[in-house]
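Okay, structure first, notes after.
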Amino acid sequence: MAITVSETDMLEMYRRMTRIRQFEETTQALLLKGELYGSFHTSSGQEASIVGSCMALRTDDYMVGTHRSHGHPIGKGAKIDRLLAELMGKETGINQGKGGSMHLSDFGVGSLGETSIVGSGLPVATGAALGSKMQGNDRVTLCFFGDGASSQGTFHESLNMASLWNLPVIYVCENNGFGELTPTHEAVSVPDIASRAAGYGMPGIVVDGQDVLAVYEVVSEAVRRARAGEGPTLVETKTFRFDNHSIGMPVETPGHAEMLVHWRGNRCPIDLFDRALKEFGCDEVTLREIDAQVADEVSAAVEFGRTSPEPPPEAAFTHLYTNPIRIDS
Amino acid sequence: MAITVSETDMLEMYRRMTRIRQFEETTQALLLKGELYGSFHTSSGQEASIVGSCMALRTDDYMVGTHRSHGHPIGKGAKIDRLLAELMGKETGINQGKGGSMHLSDFGVGSLGETSIVGSGLPVATGAALGSKMQGNDRVTLCFFGDGASSQGTFHESLNMASLWNLPVIYVCENNGFGELTPTHEAVSVPDIASRAAGYGMPGIVVDGQDVLAVYEVVSEAVRRARAGEGPTLVETKTFRFDNHSIGMPVETPGHAEMLVHWRGNRCPIDLFDRALKEFGCDEVTLREIDAQVADEVSAAVEFGRTSPEPPPEAAFTHLYTNPIRIDS
Amino acid sequence: MHTVTYLQAINEALREEMDRDERVFIMGEDVGWNLLGATGGLKDRFGTERVRNTPIAEAGFVGAGAGAAMVGMRPVVDMLIAPFVYPAFDQIVSIIAKSTYLYGGQAKMPIVLRAPMLYGAGNAAQHSDRPYPTFMTIPGLKLIAPASPYDAKGMLKAAIRDDDPVICFEDWTLTGLRNEIPDEDYVIELGKAAVKREGSDITIVALAGAVPHALAAGEQLAGEGISAEVIDLRSIVPLDRDTILASVEKTGRLVVADPAHIMGSVASEISAIVAQEGFWSLRAPIIRVATPHTHIPFSATLERPLYPTTEKIVNAAKRAMA
Amino acid sequence: MHTVTYLQAINEALREEMDRDERVFIMGEDVGWNLLGATGGLKDRFGTERVRNTPIAEAGFVGAGAGAAMVGMRPVVDMLIAPFVYPAFDQIVSIIAKSTYLYGGQAKMPIVLRAPMLYGAGNAAQHSDRPYPTFMTIPGLKLIAPASPYDAKGMLKAAIRDDDPVICFEDWTLTGLRNEIPDEDYVIELGKAAVKREGSDITIVALAGAVPHALAAGEQLAGEGISAEVIDLRSIVPLDRDTILASVEKTGRLVVADPAHIMGSVASEISAIVAQEGFWSLRAPIIRVATPHTHIPFSATLERPLYPTTEKIVNAAKRAMA
Ligand SMILES: Cc1ncc(C[n+]2csc(CCOP(=O)(O)OP(=O)(O)O)c2C)c(N)n1
Ligand SMILES: Cc1ncc(C[n+]2csc(CCOP(=O)(O)OP(=O)(O)O)c2C)c(N)n1
Ligand SMILES: [Mg+2]
Ligand SMILES: [Mg+2]
């Protein structure tokens, strides 16, 4: 490691990764029991990619995400109670029940919203970076998108503009090997998506997406460049999702089960980091305490969601505009 | 030159290049006199890029083009009388007066239409190639597009699909240094658009777009590959337009006039080829005879257009569908 | 005769047309995997060339469909969910809708886009659109919205055989429906509405997912002594104005039920046509029962009340009768 | 007071708003070069950061506008010509129109898209669209179509100050118009139609390029003893139904003139509203004068007769009076 990470930061990484995993396992169970609904894409397995990226950011930096929306805001530091209430469609949800599972967000911690139209976040992130640059502040924007999303035209248009305009933006492609059920190599014509960066005149870096410190190091350097006015970077994290494309989807991802044995057994980002932390001298008790604290947090969030009110019927008509207009039905 | 070109073919190249130039000069004059109308983008200066590419094709190969639509169908072998009538909006026009200056075509010689939405032709060409492949014939498709168009998302989506599916398609980027008034280097973040081919796993080749034989050689190799099932190629022809972005546009392209002195003086594709032909032993008389024949052809085309009838009013409603529906106004 | 669901009907249409004509092929994201339930068995029968998975690149593969159609293929492009047409919008409008016209008839465009509409399912604003009114504003397209398994099969088959571009808006609130359909090949002419119930007091024109509600409303109104004629529009472009006008001439009253947002809806277009051409028959205001001009929220509590229901249609009919 | 053309009015609006608020900036293809005549002098005054030329990548730079708006900028995105919105359609519909709602009010979207409509100029089907009806089907957008230099300036300024996304459809058949306008700052509230001529026999609602024709028709009808009230709609969303309904209540007759294709037009929407809410005032069919459901051909001979004209509006009014 070329950079050093404090123990506090490492434990915060572990905490956020664990928070994502427990959030996903709990909400997935609620979904299967019928307490939640909607299209539900979990981030389990991708925690290192998410948290390693987000921890390289400041709270006031911006982040834009995807349909696989749960992990990113948590990684960016959002509190989970309003996220969980959002999954329940409650008034206290972070989006007041209007966004749901594919659209978590928390503008308060720079999470500018997850967008479920694949590839649609890249121009938005590019524009947020343009905004910061014009405002003369030193915020950077990080954009998560999938291997599948990399085939959208918005990828090309965004990277070209970001490079031309030298924008403070980091594009993080979470390559989990599949876009829905289609393996990446059937959808992307080159082995590494990061190699496409050369065509835009920006650095493109492949990193082990299961190793949170490796991701953190690579993204930190990209953030440093962006903040210093040295322009955008494309990072590709090689990762794997532990669940099916979406929970409850009737069709299994072909080949996924076989691959999962290896990934869950040997490449679980939390197990790997747990081991690494111990090698760094962290004691078991500290980690298990974090696990327990997170478990309490998640239970409290579920309770918060359950006891929150449903939104009132008029809420269907609010926030359509910031300056409302009369809506006739 | 690694390939040999027959004298007949070379003279045909010269003839088509001359035909394009004379067509443009004549129609431009008619436009400025008010006999023609519409947005009018000429191909003068880009004849070598066009004809070198088209001559590498068979008549039954397909071609898709752009708003700068006059040169491509002529290069592909279209007769100019119906093209000229189209510019006049006449019933005898190749599109029966419905397409006009930005949309010349001639399906009879494989010219599947020029499309004036920048970047919109790339997916179409990709699909034509897919069609040929599925039909099991050995036709190839060639797609012209500009340096400006290369920034559209359709470029990325098309090249990725073509590479994945190994399609018989050749993407020819005519880099004339400007997209409207914006210089290419302000719109494209790398020096050579062809270098982006690497990001798709296909060959990308830069060629002197003023040298018809050089273009012919490079595109011929791309056609050979495509026909042999070896997949797509990206070719970038470095060229220059001799006129303003469009004729009659009130704003001049900044810097164009200065550059034009050099390009017209030293890099005119017709002058260069005229000289090369003479070095190959072609005599002056033959070339001037072609010039004169083409001049007659163009005059005859103007006459054909002028004496052709206007379309009948009902024609506004035909060809909206192939299987018509009732249209109420 | 045999009984099929809405999705099975679509599947049969695809299979039979691919059997009949080797120029017909399917492409789209994960079509080979039968992700949403309409393309099952097709990859095994026809192979991965004709049942082609694409990258996530809607503009690219929809435009590729257009190019393939121009050279004589007959693609059926699976949009997965209707709002995913938006990234491909330029290809649909500028290329698919306009090429036949722009090139004076030289280009044929026999392409079908399948656009399943998944609303009412907690998928929120980006995934729940019913965008046929958006496309109604674009000349050069044909638009259909079958509301029964029988129509889904017959109309999709007709669309695949049509030489023009057709967008098939499949309403997935109807996937629970089952119909007896003929075992033999049949097609349903595009542009013909279906009178589903005859009546004399009021005309209810409905489309897509509103059709079952309109039929239930007709039933309920009959119980209250109001004789409603219920018309399933089925085809949006061409629009069967003759059937509608003839019915309104008879009944003098019109309610239009449309699951789309009300502004610029098909319901509005039908109202406008009748207010212009059938005005002298009208004895009451034309009432539109559509989704209000707001986005679709995630929360079921918020989402559920937004769409047309039997009750809303009944109430509208009663208002028109008042 | 001073006299300006339609384009000068737009230019003044942009300059004044950029002077007033440094968060306002312009971007689009060749905006720095004043290609179409509305952005002259701005690059020199504000520099290339705030008058930003973009690559030809509509989805990219429109979406970038959305992102910039989310973090507090107020972009005015120049689409060059209205149909070039299509490649950016998904960004407009899925992001710009929906983000405020989707994130429960956390996202503001103060962005203006300028969409000049260049029709009637021999540019054929791909370049001649007047696509406001397409966008009328999308909740979350505000749509304006100023028909005079005075309105162009005042409405564009209001749009730039609005916290919601506004698409400004500029009708370039009106570029010949000149108006006296105030020297002082003024804005025109969005959502208010303007009664341009009072009358008692018939209401003519017109928008965009149809407004001058409607006014001429009002003049001509007056000569024939018919008193027409002429309303310039100006704003499409919000739509000023109160002004229209009040007028129809007075006149009992309605003609709507709209340069867009008739199917799904604003004319149709207005007809539907009046047929529902103003039915009992109506004494004649509502007649829409719009462009027929066909593409725009290149040939002037074919193109010219397609759009609303004074004569067509006069004839429609007479039919409604008969
Ligand atoms: C424009 C668009 N097309 C299709 C979809 C349907 N869809 C949802 S997720 C997904 C796969 C995305 O793959 P990837 O970007 O790799 O993200 P992952 O799900 O693997 O995290 C698809 C095709 C969509 N939401 N938006
Ligand atoms: C989608 C779209 N955006 C913008 C335009 C306006 N426009 C017409 S030509 C042109 C420049 C194209 O540049 P390039 O691709 O390099 O072609 P060239 O004109 O240089 O041949 C632009 C921006 C358009 N026609 N379509
Ligand atoms: Mg993936
Ligand atoms: Mg160019």
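Note on naming: letters A, B, ... go to the chains in the order of the sequence lines (proteins, then strands), and numbering restarts at 1 for each one.
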Non-hydrogen atoms of chain C under 4.5 Å away: do they reach the side chain of [X], the backbone, both or neither?
X	result
B:Ser158	neither
B:Ala316	both
B:Ala129	neither
B:Leu112	both
B:Leu164	side chain
B:Thr141	neither
B:Leu320	both
B:Glu114	backbone
B:Asn323	both

Largest heavy-atom contact set with chain B, pairs under 4.5 Å, which of [options]:
options	answer
C:Pro238, C:Pro110, C:Pro165	C:Pro238
C:Ala107, C:Gly140, C:Pro55	C:Gly140
C:Glu58, C:Lys108, C:Gln91	C:Gln91
C:Ala66, C:Ala97, C:Ala59	C:Ala59
C:Thr54, C:Ile96, C:Leu141, C:Ile56	C:Leu141
C:Val237, C:Leu190, C:Thr100, C:Ile273	C:Thr100

(request) Could you tell me which residues in residues 59-77 of chain B have at least one non-hydrogen atom under 4.5 Å from a non-hydrogen atom of chain C, sorted by residue number? (result)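 Residues B:Tyr62 are the ones that qualify, each having a heavy atom under 4.5 Å from chain C.
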
(request) With a 4.5 Å heavy-atom cut-off (strictly below), which parts of residues 72-80 of chain C touch chain B? List them by number. (result)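 Hits under 4.5 Å: C:Gly72, C:Met73.
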
[Y] and [X] side chains, donor-acceptor separation under 3.5 Å:
X	Y	value
C:Ser265	C:Ser268	yes
C:Ser94	B:Ser120	no
B:Ser105	B:Asn95	yes
B:Ser189	B:Arg196	yes
B:Arg225	B:Thr233	yes
B:Thr318	B:Lys98	yes

Where on [X] is there a heavy atom nearer than 4.5 Å to chain B: the side chain, the backbone, both, or neither?
X	answer
C:Phe61	both
C:Asp163	both
C:Arg23	neither
C:Asp242	side chain
C:Leu102	both

(request) Give me the one residue out of C:Glu16, C:Glu22, C:Glu17 that meets side chain to side chain donor-acceptor pair (under 3.5 Å) with C:Arg20. (result)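 Among the candidates, only C:Glu17 passes.
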
Quick one: does any side-chain atom of [X] pair with a main-chain N or O of [Y] as donor and acceptor, under 3.5 Å?
X	Y	answer
C:Ser247	C:Thr243	no
C:Arg234	C:Pro146	no
C:Arg50	C:Val24	yes
C:Lys142	C:Gly191	no
B:Gln152	B:Val118	yes
B:Ser132	B:Val140	no
B:Lys90	B:Phe304	no
B:Ser163	B:Leu159	no
C:Asn53	C:Gly32	yes

(request) Looking only at non-hydrogen atoms, find the nearest pair between B:Phe145 and B:Ser150 and report the distance. (result)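 Shortest heavy-atom separation between B:Phe145 and B:Ser150 comes out as CE1-CB, 3.9 Å.
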
(request) Answer whether the closest heavy-atom distance between the side chains of B:Leu130 and C:Phe25 falls below 4.5 Å. (result)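 Side chain of B:Leu130 against side chain of C:Phe25, heavy atoms only: contact under 4.5 Å found.
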
